[in-house]
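Beneath this line is the structure, given in structure tokens, with notes to follow.
Counting starts at 1 for both ligands and their atoms, following the listed order. This structure is a prediction, so every number in the text was calculated from the model and none was measured.
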Amino acid sequence: MLIAGNWKMFKGPAETLAFCREFPPPDGVDVVVCPPYASLREAMATGLTVYAQNVHWEREGAFTGEVSAEMLLELGVAGSLVGHSERRQHFGETDETAAWRAERALEAGLAVIACVGELENERERGETEAVLRRQVSPLPRHERLVVAYEPVWAIGTGKTATPAMAQEAHALIKSLLAVPVLYGGSVKPENAGELLAQPDVDGALVGGASLDVESFTAICQTAARLSRS
Ligand code: PGA
């Protein structure tokens, strides 16, 4: 079971250090935090496993504002998210560029969590399966690849997919690509248990609730308990 905390554009170096010093990663579950680039070093200094939130597909070059896998590896970062829906929505990320990022990062030696998920109107039109097939198909097969299913309508909204909806989407993704699949979208201590108990849910990508030591710890403990049972 893997629980990853996506901090988005929250927590500079000082807040990161304070969080990581206070946060006890529970036994029996793999825990990863994804701070902003500016705070990666502080998070790593506390011994936690640290991923970036994005990574470019070239080693170096004229790509203002981007960071390469080699640079992250030099810093000691273990992996990266790619294709998060906020990157797709606000920064022009496409299925193709997300796949390039994943492929190059894996080749360079990073682990990757590739995010996929349908928009609300896509679900309403019955297009969820087609969208997931389109997003998953360009991703490379790799032992260090994990997919995160994050229905876009559930991110930061307090709306969560029902456990049955999550299970159905995860089973589809796994039929396309045999990799662990995390659920993301308003995961909280109150709903983590029922989502993580689904047979094809292998962990969670947690946004808002990962910013608070108490709620992130509670989610990690739930995952550890379920892994033991
Ligand atoms: P949320 O974010 O848990 O705040 O909904 C999840 C994510 O964006 O990865």
ask   = What protein heavy atom sits nearest atom 4 (O) of ligand 1, and how far away is it?
value = Gly208 N, 2.8 Å
inquiry  = Is there a polar contact between ligand 1 and Lys188, counting only N or O atoms under 3.5 Å apart?
reply    = no
message = Measuring from atom 1 (P) of ligand 1, which candidate in Ala209, Ser186, Cys34, Gly117 has the nearest non-hydrogen atom?
response = Ser186
inquiry  = Counting only heavy atoms closer than 4.0 Å, does ligand 1 sit against the backbone of Asn6, its side chain, both, or neither?
reply    = side chain
ask   = Is it true that Glu127 and Arg125 make a salt bridge, defined as a side-chain N closer than 4.0 Å to a carboxylate O?
value = yes
Flag if over 12 foreign heavy atoms under 6.0 Å of OH, Tyr37 = yes
query = Quick check: does Lys8 get an N/O under 3.5 Å from an N/O on ligand 1?
reply = yes
key: For atom 9 (O) of ligand 1, closest protein heavy-atom neighbour   = Glu150 OE2, 2.6 Å
message = Between Thr128 and Met165, is there a side-chain heavy-atom distance shorter than 4.5 Å?
response = no
task = Output the list of atoms in ligand 1 that are nearer than 4.0 Å to some heavy atom of Gly185, sorted by atom number.
result = 5 (O)
message = Give the atom numbers and elements of ligand 1 that come within less than 4.0 Å of a heavy atom of Leu205.
response = 9 (O)
key: Side-chain donor or acceptor of Gln89 paired with backbone N/O of Glu86 under 3.5 Å   = no
ask   = Hey, is Asp202 close enough to Lys174 for a salt bridge, meaning N to O under 4.0 Å?
value = yes
inquiry  = Is the contact between Ala154 and ligand 1 made by the side chain, the backbone, both, or neither, using heavy atoms and a 4.0 Å cut-off?
reply    = backbone
ask   = Do NZ/NE/NH1/NH2 and the carboxylate oxygens of Glu93 and Arg101 come within less than 4.0 Å?
value = yes
query = Can you tell me if Tyr51 uses its side chain to pair, donor with acceptor, with the backbone of Gln53 under 3.5 Å?
reply = no
request  = Output the list of atoms in ligand 1 that are nearer than 4.0 Å to some heavy atom of His84, sorted by atom number.
outcome  = 7 (C), 8 (O), 9 (O)
key: Residue Arg41 excluded, over 12 heavy atoms near CZ under 6.0 Å   = no
task = Tell me which protein heavy atom sits closest to atom 3 (O) of ligand 1, plus the residue, atom name and distance to 0.1 Å.
result = Gly207 N, 2.9 Å
inquiry  = Taking distance alone, with N or O pairs closer than 3.5 Å, would you say Val206 contacts ligand 1?
reply    = no
inquiry  = Under a 4.0 angstrom heavy-atom cut-off, which atoms of ligand 1 come close to Gly156?
reply    = 1 (P), 4 (O), 5 (O)
Ile113 side chain reached by Val82 side chain, heavy atoms, under 4.5 Å = no
